[in-house]
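Reading through the structure tokens given below for one structure.
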Amino acid sequence: MSLTERTVPYQGTQPPRLARVPAFVEAMGRGWADVAVVPELVPGAPQAAAEHRRRLSEAVPGRTLVVPAGRAPVRANDTAYDFRPSSDFAWLTGGVAVEGAVLVMVPTGRGHDTTLHLPPPWRPGTPGFFADAASGELWVGPSPSLTAWEELLGVAVRPLDEIDPALAAAGDDAELARRCSELRMVKDEWEVTQLREAVDATVAGFAAVAAELPTAVGGPDRPGLGERWLQGTFDRHCRTFGNQPGYATIVGSGPHAPTLHWVRCDGPVLPDAPLLLDMGVEGRSFYTADVTRTVPPSGRFDPVQRRVHDLVERAHRAGMDAVRPGARFSDFHFAAMEVVATGLHDWGLLEVSVDEALSPQGQQHRRWLVCGIGHHLGVDVHDCSAVEAGDQHAVTLQPGMVLTVEPGLYFHATDLTVPPELRGIGVRLEDDLLVTPGGADVLSDALPIDAEGVERWTRTHSTPSM
Ligand code: GLY
Ligand code: MN
Ligand code: MN
């Protein structure tokens, strides 16, 4: 039948709201095969999460605890972006990634009763199945039943609407966040495994990025695709071998390298300038790596670049040597800063003595290193940050803590206080360290830190065309 032969004309000025069309609702509710979706967490996650809850329960007896998973960020008016659970929620559930979920722990005489509240799936036959674009299964795919989650996790799982409204309102609990941060500082064996896997995937991602250097740099007969190509290469690697990047991937070539968080990545990759790569894979359990290397795309640093890299390397080694049980968190910061200040003084860049620069009233060397020298690492890249910075620095390091050490030197192209040959050079070295009973284990030591090693690694993993 052609349009002109239609006997019942289209009615109205707008398409009907499907959920209000009884015949449609009735027809959409039937004729679907049952799908049983098995919930997945990484191996060992339910057991690790149970232990995390036990430790939290012990730390805050008698307190009612409400930990929401949060919501996906919305952008472009009404478009939900990828969902990632809040970090405390991930730590307490082993990484249950269900938007809107809420974990409730109610005190009993002996501990806490735990219930995980989840939004029940909008299955065929429920009104949201086709009408709820945010979570209807027709829109976002099928999800596990609450019973399946209960079996996997070993805790009571109930629908979200059964949560006590008074509890649902108690979402923002600074004291609870602080206690979770304190407890999250020492990682257990399962967490260390997650971090090792994230670091290994990150090291592989560095190699994937190096392999794309010729494409990013370009050559006489083809333009280079620039920083963004390398950023995309690493981000694709993260999405394929983990969950996503643990933070916005930083790829800074030449004059962009001194910009600490150069996530714009819209410049070219210059063959003869250091290229700063700060990149971390967040694994499927949401633990992330955070690693930086500064590489020469041509395969060789020039003498000035090399001099900067060598000083950063010395500071890095001094910082890493200061990571051991019994040391204070701030020790590796001061150890690295002393090397940096001394080196800058030797180069004639400091207008004051090293002692004056290192004093709390000085800090002149920090012009070229305004950020910290490291941080805890875990489910968050800057982990345990509900413990204030001042209190973090006073913490005594213990086996099981995982930290980054990340000194750098950042000479901006616009910095008129340094000789022209230093302007536009930025170098950072960043490794992830596990504090062990005997000192520290550098989880990211598959990547070299000495200039020659970095040069060789770059040449081996790329095929420079220049
Ligand atoms: N990439 C963020 C940091 O190094 O802390
Ligand atoms: Mn870091
Ligand atoms: Mn970093």
Side-chain angles (χ1 to χ4, degrees), residues 84 87 181 184-185 187 195-196 198-206 209 227 230-231 233-235 237-238 242-253 256-265 274-283 286-295 309 312-313 315-316 319-320 322-323 329-330 332-333 335-337 340 366 368-387 389 392-393 395 397 401-410 426-435 440 442-447 449 454:
R84 182 211 194 258
S87 298
S181 269
R184 281 167 46 190
M185 274 188 189
K187 273 67 182 175
L195 284 161
R196 281 189 192 282
V199 170
D200 290 349
T202 299
V203 169
F206 269 77
V209 165
E227 295 168 345
L230 300 181
Q231 186 188 41
T233 298
F234 189 77
D235 291 356
H237 180 88
C238 293
N243 182 48
Q244 61 179 346
Y247 50 92
T249 300
I250 297 168
V251 177
S253 167
H256 294 155
T259 301
L260 293 171
H261 287 174
W262 181 257
V263 298
R264 234 183 280 165
C265 301
L275 172 69
L276 189 148
L277 303 168
D278 184 344
M279 315 191 291
V281 172
E282 176 185 274
F286 304 111
Y287 288 77
T288 188
D290 179 12
V291 177
T292 306
R293 290 294 183 272
T294 307
V295 304
H309 197 282
V312 174
E313 181 198 341
H316 192 48
M320 291 200 296
V323 175
F329 182 88
S330 54
F332 71 89
H333 170 93
M337 284 300 180
V340 165
R366 300 286 302 272
W368 301 289
L369 173 47
V370 296
C371 59
I373 296 285
H375 49 84
H376 287 272
L377 186 69
V379 189
D380 288 324
V381 58
H382 299 155
D383 210 35
C384 311
S385 51
V387 174
Q392 285 211 20
H393 277 287
V395 162
L397 298 186
M401 289 182 172
V402 176
L403 316 166
T404 71
V405 176
E406 50 173 309
L409 279 169
Y410 309 100
V427 172
R428 173 160 66 253
L429 279 166
E430 179 172 27
D431 278 298
D432 302 341
L433 280 74
L434 166 68
V435 182
V442 183
L443 304 181
S444 41
D445 67 359
L447 294 174
I449 59 173
V454 170

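Atom set for the values below is all heavy atoms of this structure, side chains included, hydrogens, waters and symmetry mates excluded. From a predicted model like this one, the values you see are computed outputs, not experimental measurements. Residue indices begin at 1 and follow the sequence shown. Order of appearance sets the numbers: ligands from 1, and atoms from 1 within every ligand.
Protein residues with a heavy atom closer than 4.0 Å to ligand 1 are Tyr247, Asp278, Asp290, His375, His382, Glu406, Glu430, listed by chain and number.
The side-chain hydrogen bond (donor to acceptor under 3.5 Å, both in side chains) test with Tyr247 is passed by exactly one of Thr288, Asp290, Asp380: Asp290.
The CG atom of Leu276 sits 10.5 Å away from the CD atom of Glu227 when rounded to the nearest 0.5 Å.
Salt bridge annotation for Arg196-Asp432: absent, with no cationic side-chain nitrogen under 4.0 angstrom from a carboxylate oxygen. The pair Asp278-Arg293 fails the salt-bridge criterion, with no side-chain N (NZ, NE, NH1 or NH2) lying under 4.0 Å from an Asp/Glu carboxylate O.
Within the protein, the number of N/O/S atoms found under 2.8 Å from the Mn ion (ligand 2) is 4.
Looking at His375 and Asp383, their side chains never bring a donor and an acceptor atom within 3.5 Å of each other.
Partners of Val263 according to the side chain to side chain contact (heavy atoms under 4.5 Å, CB included) rule, which considers only residues two or more places apart in sequence or in another chain, are Ala248, Ile250. Residues that satisfy the side chain to side chain contact (heavy atoms under 4.5 Å, CB included) test with Thr202, not counting sequence neighbours, are Phe206, Phe234, Val281, Ala289, Val291.
Contact of the Lys187 side chain with the Leu434 side chain is not registered, since no non-hydrogen atoms from C-beta on lie closer than 4.5 Å. By the 4.5 Å heavy-atom criterion applied to side chains, Val395 and Met185 are counted as neighbours.
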